[in-house]
Q: 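Could you have a look at this structure, given as structure tokens, before my questions?
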Number of protein chains: 2
Amino acid sequence: MTAVDRAGGCPGEGNRPVDGRRARGDRRRAEIIEATLAVVTRDGAAGVTHRSVAQQAGITTSLSTYYFATLDDLLVAALCSVADEYTSRIRRLVDGPVQDRLRGLAELIVESGGPGRQRALAERELSTMAARRPALGPVARHWREGVVELASTLTDDPQAVAALVAVADGLCTAVLIDDVPADTGYVLGVLARAMGTPHPDRHP
Amino acid sequence: MTAVDRAGGCPGEGNRPVDGRRARGDRRRAEIIEATLAVVTRDGAAGVTHRSVAQQAGITTSLSTYYFATLDDLLVAALCSVADEYTSRIRRLVDGPVQDRLRGLAELIVESGGPGRQRALAERELSTMAARRPALGPVARHWREGVVELASTLTDDPQAVAALVAVADGLCTAVLIDDVPADTGYVLGVLARAMGTPHPDRHP
DNA sequence: CGGATACTTGAACGATCTCACAACTTGAAT
DNA sequence: ATTCAAGTTGTGAGATCGTTCAAGTATCCG
């Protein structure tokens, strides 16, 4: 059995690694994913090669292919990892107090333009490649589903939910691509507006 | 003089090619850009190489480098081209009747999920790489500026403008990544909501 | 007609990458 | 202790890529 046989689905994590060897293997796998994200952060998704990742992780090239047979597997795993990170943060917001949810989302967005810019850029890049591989669609959708869940706790209007998801995503892009001033109050205002009462002149 | 010397800025288009040779050259350049977009559409931005583009265009590899010395130049030109296309369509909406503007924007978004899906995906991919190359920022921002202009003709509230831009972008992503049903009425509803009156509880 | 200029081609160099493979090491299990 | 699986390494074959270059062709200008 090889390591790649265990690297299948990205939810995984359900195994019980009583075996010390496998425990070390899982640690290695995590290291490699971390290194991959570092490379994507530094050089973009195009800079991800078995060699660059291996060098970043301080291992040999062959070891990288041992855990992730193909480069695609590596990128998939990286996308899964970063997606999990974001969705877990959103879910933490959902579990928190009501009045902090929208503000928490706003802070998350603002953070994408500040310290977490490179990381957010990496996620966007990986998500974009996901659009080209049907198998990755669900992974890329996870973040949006989290926002949907958050929005659903604030309103019953499905249109308001859709608007919040869209505007959150658009704001993320704005602070990422444009140099939109990343002010939490400002972002919060736009978010709140998107969820506001439906426009009186339109009910299609 | 080489061809690349004339391939500088992307607005260009101001020359008067009385010279038949240069006219042919300009035609070639356009063909190569078209081929580049075809490659991005088919294989993604990562699939763009001088060789793949040349094959797609039915020319030799050297000719591709003759017009675009470096691969970056080629990608820049391709992004410029597709960005121009979108912005011109938006500007056409701005010049049209008021009541058609928001609906026209909605149709543009819906189209991104339908027939123009591949093309929209290509633009998103190119825009994303633009975030990593400062020189391309202005080009990638063009589309957003177009939407800003459109929104400015519909409201004076800067927050409403920001919300519309963000929600338009987010909806584009939604129909691109998710399998959100591409219904013009639905999209129009969300757009209108985002521009709606500010939420009464918040004025930061 | 005769340069000068723009376009076009084919070949090639050097660099890099993916992926495969066999050998070696470490830890677990019986 | 022995046996076997998991982890790890070095090497390299095969392919692709970016870019350069010298040589060739078409077109314009005088």
Side-chain angles (χ1 to χ4, degrees), chain A residues 1-8 12 15-33 35-36 39-40 42-78, chain B residues 1-8 12 15-33 35-36 39-40 42-78 129 133:
Chain A
M1 182 200 249
T2 68
V4 302
D5 294 330
R6 277 189 289 124
N15 307 13
R16 213 156 286 284
V18 286
D19 193 328
R21 294 173 300 180
R22 298 203 167 189
R24 191 155 54 109
D26 288 344
R27 229 176 303 136
R28 264 277 193 261
R29 202 189 323 276
E31 281 176 28
I32 294 175
I33 290 177
T36 303
V39 171
V40 176
R42 176 161 37 85
D43 303 325
V48 173
T49 70
H50 272 141
R51 284 179 158 76
S52 63
V53 169
Q55 183 177 7
Q56 175 74 32
I59 58 176
T60 57
T61 305
S62 344
L63 195 52
S64 177
T65 72
Y66 173 71
Y67 283 101
F68 303 96
T70 161
L71 216 57
D72 265 22
D73 295 344
L74 190 52
L75 289 169
V76 169
Chain B
M1 181 198 248
T2 68
V4 302
D5 294 330
R6 280 190 288 122
N15 305 14
R16 210 157 288 284
V18 286
D19 193 328
R21 295 171 298 182
R22 297 202 168 189
R24 192 154 52 108
D26 288 344
R27 229 176 303 135
R28 264 276 193 265
R29 201 189 323 277
E31 281 176 28
I32 294 176
I33 290 177
T36 303
V39 171
V40 175
R42 177 162 38 85
D43 303 326
V48 174
T49 70
H50 271 144
R51 287 178 162 81
S52 65
V53 168
Q55 183 178 8
Q56 174 75 30
I59 58 176
T60 56
T61 305
S62 352
L63 197 51
S64 177
T65 72
Y66 172 71
Y67 284 100
F68 303 96
T70 161
L71 213 57
D72 265 21
D73 294 344
L74 190 53
L75 290 169
V76 168
M129 41 187 328
R133 314 174 193 227

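FYI, side chains are in, hydrogens and waters are out, and symmetry mates aren't considered; it's all heavy atoms of this structure. Here is how names work: the chains are called A, B, and so on, in the same order as the sequence lines, proteins then strands, and each is numbered from 1.
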Q: Determine: side-chain N/O of A:R24 to OP1/OP2 of D:dT8, distance under 4.0 Å, yes or no.
A: yes
Q: Taking 4.0 Å as the cut-off, does a side-chain nitrogen or oxygen of B:R27 come that near to OP1 or OP2 on C:dC7?
A: no
Q: Please work out if A:H50 contacts a base, only the sugar-phosphate, or nothing of the nucleic acid, heavy-atom cut-off 4.0 Å.
A: sugar-phosphate
Q: Looking only at the side chain of B:Y66 (C-beta and beyond, no hydrogens), which of the listed nucleotides D:dT19, C:dC7, D:dC21 gets closest?
A: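 Looking only at side-chain atoms, B:Y66 lies closest to C:dC7.
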Q: Between C:dG10, D:dT19, D:dG10, which nucleotide has the shortest distance from any of its atoms to the side chain of A:T60?
A: D:dG10
Q: Base, sugar-phosphate or nothing for B:L63? Non-hydrogen atoms, less than 4.0 Å.
A: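 Base contact - B:L63 has a heavy atom under 4.0 Å of at least one base atom.
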Q: NA contact type, B:T61, heavy-atom cut-off 4.0 Å: base, sugar-phosphate, or nothing?
A: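 Result for B:T61 = base.
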Q: Measure from CZ on B:F68 to P on C:dC7 and round the result to the nearest Å.
A: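 Rounded to the whole Å, the gap is 12 Å.
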Q: So A:T49, base contact, sugar-phosphate only, or nothing? Heavy-atom distance under 4.0 Å.
A: sugar-phosphate
Q: Between B:I59 (CD1) and C:dG10 (C1'), how many Å, whole number?
A: 14 Å
Q: Under the salt bridge (charged side-chain N to carboxylate O under 4.0 Å, His left out) rule, what pairs show up with a residue in residues 57-72 of chain B, not counting sequence neighbours?
A: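 For residues 57-72 of chain B: B:D72-B:R133.
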Q: Within the structure, does a side-chain N or O atom of B:S62 lie under 4.0 Å from either OP1 or OP2 of D:dT19?
A: no
Q: Would you kindly check whether a donor in the side chain of B:R51 faces an acceptor in the base of D:dG18, or vice versa, at under 3.5 angstrom?
A: yes
Q: If the test is side chain to side chain contact (heavy atoms under 4.5 Å, CB included), which one of B:I32, B:D26, B:L74, B:I33 qualifies with B:Y67?
A: B:I32
Q: Tell me, with the steps shown, if A:T70 and A:D73 meet side-chain contact (heavy atoms from CB on, under 4.5 Å).
A: CA-CA 5 Å; A:T70 161; A:D73 295 344; 2.9 Å; yes
Q: Could you give the CD-to-P distance, from A:Q55 to C:dT16, as a whole number of Å?
A: 11 Å
